[in-house]
Amino acid sequence: DTITVFAAASLKASMDDVTAAFEDKSDHKVQTSYAGSSALARQIEQGAPADVFISANVGWMDHLEAQDLLVPKSRVALLTNALVLISPVDMDADVDLSRNASLIEALGDTPLAMAFVDAVPAGIYGKAVLTSLGLWDAVSPKVAQADNVRGALALVARGEARLGIVYATDARAEPRVSVVATFPSDSHAPIVYPVAEIAPSSQGAQDFMTYLASSEAQAIFESHGFGLVH
Amino acid sequence: MIATLGFSPTEWQAIGLSLKVACIATVFSLPFGIFVAYALVRWNFYGKHFLNGLVHLPLVLPPVVTGYILLVIFGVRGPIGSFLQDWGLVFAFRWTGAALAAAIMAFPLMVRAIRLSLEAVDPKLEQAAATLGASRSWVFLTITLPLAVPGILAGAVLAFAKALGEFGATITFVSSIPGQTQTVPSAIYALLQVPGQEGAALRLVAVSIVLAMGALLFSEILARRASKRVDGA
Amino acid sequence: MIATLGFSPTEWQAIGLSLKVACIATVFSLPFGIFVAYALVRWNFYGKHFLNGLVHLPLVLPPVVTGYILLVIFGVRGPIGSFLQDWGLVFAFRWTGAALAAAIMAFPLMVRAIRLSLEAVDPKLEQAAATLGASRSWVFLTITLPLAVPGILAGAVLAFAKALGEFGATITFVSSIPGQTQTVPSAIYALLQVPGQEGAALRLVAVSIVLAMGALLFSEILARRASKRVDGA
Amino acid sequence: MSLLISVHHKFGDFILDAKFEAPKGLTVLYGRSGSGKSTIINAVAGLLRPQKAQITVGSQVLQDSDARTWVPPHKRRLGYIFQDSRLFPHLSVAGNLDYAARASRRSIDTAHRAQVIDMLDIGALLARRPIALSGGEKQRVAIGRALLADPQVILADEPLASLDGARKAEILPYFERIRDETDIPILYVTHAVNEVARLATTVIALEKGKVLRQGPARDVLSDPRARPMGLGAVGAVLDAVIKAHHDDGLTELDAGGAAFFLPHVAQPIGAKVRVRLPASDVLLAHQRPSGLSALNIVSGQVEAIQNTSESGAIVTLSTCAGPILARITQRSVRAMDLRVGNPCCAIVKTVAIASDLGTDLA
Amino acid sequence: MSLLISVHHKFGDFILDAKFEAPKGLTVLYGRSGSGKSTIINAVAGLLRPQKAQITVGSQVLQDSDARTWVPPHKRRLGYIFQDSRLFPHLSVAGNLDYAARASRRSIDTAHRAQVIDMLDIGALLARRPIALSGGEKQRVAIGRALLADPQVILADEPLASLDGARKAEILPYFERIRDETDIPILYVTHAVNEVARLATTVIALEKGKVLRQGPARDVLSDPRARPMGLGAVGAVLDAVIKAHHDDGLTELDAGGAAFFLPHVAQPIGAKVRVRLPASDVLLAHQRPSGLSALNIVSGQVEAIQNTSESGAIVTLSTCAGPILARITQRSVRAMDLRVGNPCCAIVKTVAIASDLGTDLA
Ligand SMILES: Nc1ncnc2c1ncn2[C@@H]1O[C@H](COP(=O)(O)OP(=O)(O)OP(=O)(O)O)[C@@H](O)[C@H]1O
Ligand SMILES: Nc1ncnc2c1ncn2[C@@H]1O[C@H](COP(=O)(O)OP(=O)(O)OP(=O)(O)O)[C@@H](O)[C@H]1O
Ligand code: MOO
Ligand SMILES: [Mg+2]
Ligand SMILES: [Mg+2]
């Protein structure tokens, strides 16, 4: 069969490897459409021919589940991620997250690159972190919000922003940035990428779901820097 | 193989699809563009300003919004989409949908260009044609339309270029399914999601540019030929 | 309060900013648009096709790519950006950058419209002006330009509409800083990322539409007045 | 077929208020620049919709603003020669000429087409675009385009203004033929007196949007009191028959018994022709002079003497050929002691007659 | 100042190859439609850049294709009246008239402006746009626009073609004044013989792009062999002086001793005038006839007899006033037994002279 997978765009690098490995092992073909989680979720709502949806955003998966568009009980938390503070490699900012003033001093009057803080998961998590650290009110006027986490990453990679908050996986893949600090995982809700089969269920989709849970697939995800849900 | 120019099969598919989408979008919207432009220039009707506004809407709205509106209207569950589906015409998640999105996004550009050229046609010539027995539609076909060729060509090439570059509405409406709805811009977008793939993205950008410049040059040549017919020996 | 129409202060900021950005982008690019259009129509120079292609580029490229290119060139570290910074002109993360992005994205539309109108100006009238002692630039100012008013207005309103709707290049180039660079489209985009916020997005969409339609109507009125001067008593 | 026209239209200060009949034949609209000639023609063509109008061709109502009848221009079967030529710039000369046939899906009458092209001498231009034509060439193509439209009404707005005398002389007979051989009414605007004299069946003189005088060309032209076209246009119009072609190249006409000689006229013996004798080309003498180079001398009686200016007068003689007008000085009237009822001779130069018959129009 | 023109230009099959001098005064370019008149004017204006050309006004070289000299049109100080009026549609009539002054940042000479507006009778149109003008009104505005450009050369391409006789009569004296009172050379295209006769200092006759004949108007017009404008244009041009204004409204001229009477001429006694006697308006008689309405009778001797067609001839008399031409039939030549050397009288109608002096041009 041909399995159509809708996946959050930020998963493209790892998902390309996973699907290639899956296609080697099975006689299914996988088509993956990468776009923002919100766009994909809306399309599924409007009857898109997706068999599997991997979202970067729990909210949108909840939204679909509430409309009974998922194959019951197929939803699982596939991956986790961590949130990091980055800066361009050649600017080597020194920030001590335990000291509140440190981040603000490091920023000076330069912007802090993030994804949309009220809309895009990476931004929402980032805002939560800054709030729990008591920094949000001081920092928020300086936050430059990109439409997705890659945009924030690019701003830092180009050196336009001195600091940015992105996923650990993004920071790892971009050689022009270095991780200044990793935010403690207890300072925000768990960063989870849920996956689910979209109704109606099919053999191919089930096989693919099974494969995603396999240790082989998990290893690929891990190699891209994702954490696994246990 | 040299023939692949280093592009993967899905990328080749995307290039072919983009070309197909841009051509179809241009060709099919052209008659509507001409019609709407003509109506705006020469007719007086109730709701003219509304039509004019409607035509410009895709320009004003963020493409995502346009895409979303298309999804809601032309999706399989949408009012028009479900109706057309009964007639065998499916837009949702097909290349046809990409063409529709491109056509709608390009429509204001096309209409404006044609409208400007139609406005520049001297009504005295149309009158002269009428005194020679030409009905309104014949006047339109033999006088107005040929004299508006510069604008029609400009409109077509703008639409084609826009269709090649359209991304936001397309990916929102028909997603980005390789071989089905993944056009060059969505492929570029996907590549940009992967750090370190800028080079690959750049090659696709180059392809877009080459295609658009080709179309541009072609239209300039046609326009020059058409204007030679009017201006010189 | 009724005066807020239910918009939050940041939303009001976004509306004001969008208007400012669209106006500035239109006003500042207009002279360039006229100049480039004139050069393309009336001059023959080496690299004309290249210039023509360059102007159309923002239409062909996915907006993200254009935004990225702007970032590379006009960012604080970019060749031009760092140079201009020494002169006190900063684009990065400023509303000026949003205006630049909007202007660049709208430029092909503007140039095309003006070009069409310039092409429609009868060179015989320009010749007549020359025989009356008018230098080239005076002919341009007093004959060519006034006769091209329909195209200039069309170009300006297209640019304004496009500037109001521009999202991809703007967000990539200057991101979205409330009060600085958060325009209406980015606000809409953000709202659309969250389930159930369609209503709020819709209200902002309505604002965009109202603004654009106002500009459209205004330009139609100006155009009608200009054409009355040519066609009738 | 005749044209009945009654139009009322206001343009700013200018008010057109004209009512007249253009009977079969050629009706000249005459009047100063801005008097409303083109406006009337446009109303007949349907390009202008006057505020009030009744326009009828034969039995067909083209417009009746009371009955709200309105025939659109393309159904009026017109041959309109515009004051500005209005050629289609994107079509070749041939494409312009054949436009009407194509528009009405008629097959092209190739013999007629060839004849018109030949008359207008535009055969060498057929493949050119209008931009590559001279002013006169454009106008000739515009004339051809209208003539080839198979019209039921011809509207000609100064069709020959930009043409040289020789060209005019070639084209004028064609309008005469349409006037004489077909039933197509022609509305013709011109400022040239010799065109009026030669072509007009009826003359409508306009002034500031009003009809100043209308009537058969002969009456209007030979009435010394009515001079809508200026004194130069006053003259008698005589009906004559070709009597003989002489060996020395002269043609002899007979007008009510009086003989007139003029250079060869290419018409058979017995054919009827119209001869115009401009008052300014007629001399008067007490008695038939001898030893004079003028061949055409008619005797008659003074019927009227009309002073036209401080020093000029127009004398009307009644002769066997009809009334003949002479424009002379009051000094001569006194010197010759001319009085109504006196006998008198009119001397007309041969060539003066000829020039109005088109043998030489330059 | 004089204009020296030598142009070579090829348009498809058409080859213009003309070289001539337009001396001070008014030079008429005469020739059939398509003979290259507008092309020459455009070359002088610099709107066409001929493949080869030398064009000089006074001492200023406008173009020299050998020396690669080229003065752009706006530096040529022209007053070009186009064959199509080419008014600026977005400017009012006033805006059109003042265009040249604004373009060269001159202050407007209000007296001159008022005079031109008055002469052209366009005062009521100043606020209108060209679209709201009639054909003749457009042309008058175009004339005014060119005249107000303070030109050093005037180029007029059939400026009066679309005007009625009375209008022409009003505007012609203005061209005469420029011709006589200023140093501005005028290149003037027309098909109207009476304009040539009245205005031309020099005539350049063109045929198919070549100069057929050129020279002072008097020579070209009074040479029976050279008839670039057709027989109708042949005629003598005499220099005369105003001798007296009589009580009966007639003005008496003296031309080398011969007296000519014509309706009042508004010039002081002693003023020099040019009188044209069209050959077709002259009758011949063996002896001075009596009892004739014509007042102008000059005796002389037959100098030449030239057959011009199968039946016509032109007889040249030498008189004290200068050569006088008469166009008569060969039959009359035989009947009167005219031979070179014989004495003979020329009879010229008063009004024939007058009409060329513009008292009545219609
Ligand atoms: N672009 C062109 N290509 C070919 N032939 C041309 C072009 N332009 C003009 N001609 C020819 O050049 C000749 C001269 O044209 P020109 O306009 O000078 O004539 P003209 O003497 O002014 O005639 P008219 O009295 O009709 O205005 C004409 O025969 C015309 O057909
Ligand atoms: N749109 C308009 N507004 C005001 N006046 C107008 C308009 N159109 C025409 N006129 C006036 O109407 C009058 C009649 O114009 P028309 O064109 O019929 O004149 P015409 O007799 O054809 O003159 P010509 O011999 O100069 O062509 C003119 O005085 C003109 O100024
Ligand atoms: O592409 Mo995402 O859904 O913003 O991580
Ligand atoms: Mg008219
Ligand atoms: Mg010409």
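We name chains A, B, ... by the order of the sequence lines, and we start the count at 1 in each one. Quantities reported herein were computed from a predicted structural model and do not represent experimental measurements.
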Ranking P195(C), P178(C), G75(C), G67(C) by heavy-atom pairs under 4.5 Å to chain A gives rank one to P195(C)

For S186(C), is it the side chain, the backbone, both, or neither that has a heavy atom closer than 4.5 Å to a heavy atom of chain A? both

Between Q193(C) and D147(A), is any pair of side-chain heavy atoms under 4.5 Å apart? no

Going by the angle between their ring planes, with limits at 30° and 60°, are F35(C) and W43(C) parallel, tilted or perpendicular? perpendicular

Counting heavy-atom pairs under 4.5 angstrom with chain A, the leader among G81(C), G168(C), S176(C) is S176(C)

Is F173(C) in contact with chain A via its backbone, its side chain, both, or neither, using a 4.5 Å heavy-atom distance? backbone

On the 0 to 90° scale, with breaks at 30° and 60°, tag the F116(A)-Y189(C) ring pair as parallel, tilted or perpendicular. tilted

Tell me, out of H63(A), R150(A), R158(A), who's got the most heavy-atom pairs with chain C below 4.5 Å. R158(A)

Taking atom types as modelled and ignoring hydrogens, do the side chains of H56(C) and R112(C) form a donor-acceptor contact shorter than 3.5 angstrom? yes

Under 3.5 Å, which donor-acceptor pairs do the side chains of residues 92-111 of chain C form with other protein atoms, sequence neighbours left out?
from	atom 1	to	atom 2	distance (Å)
T96(C)	OG1	V90(C)	O	2.7

Hey, mind stepping through F183(A) and Y125(A) against ring-ring contact (aromatic ring centres under 6.0 Å, His included) and telling me if it holds? CA-CA 10 Å; F183(A) 292 101; Y125(A) 295 128; over 10 Å; no

Which atoms of V174(C) come close to chain A, meaning under 4.5 Å heavy atom to heavy atom: side chain ones, backbone ones, both, or neither? neither

Interchain contact, Q182(C) with chain A, by part (heavy-atom threshold 4.5 Å): side chain

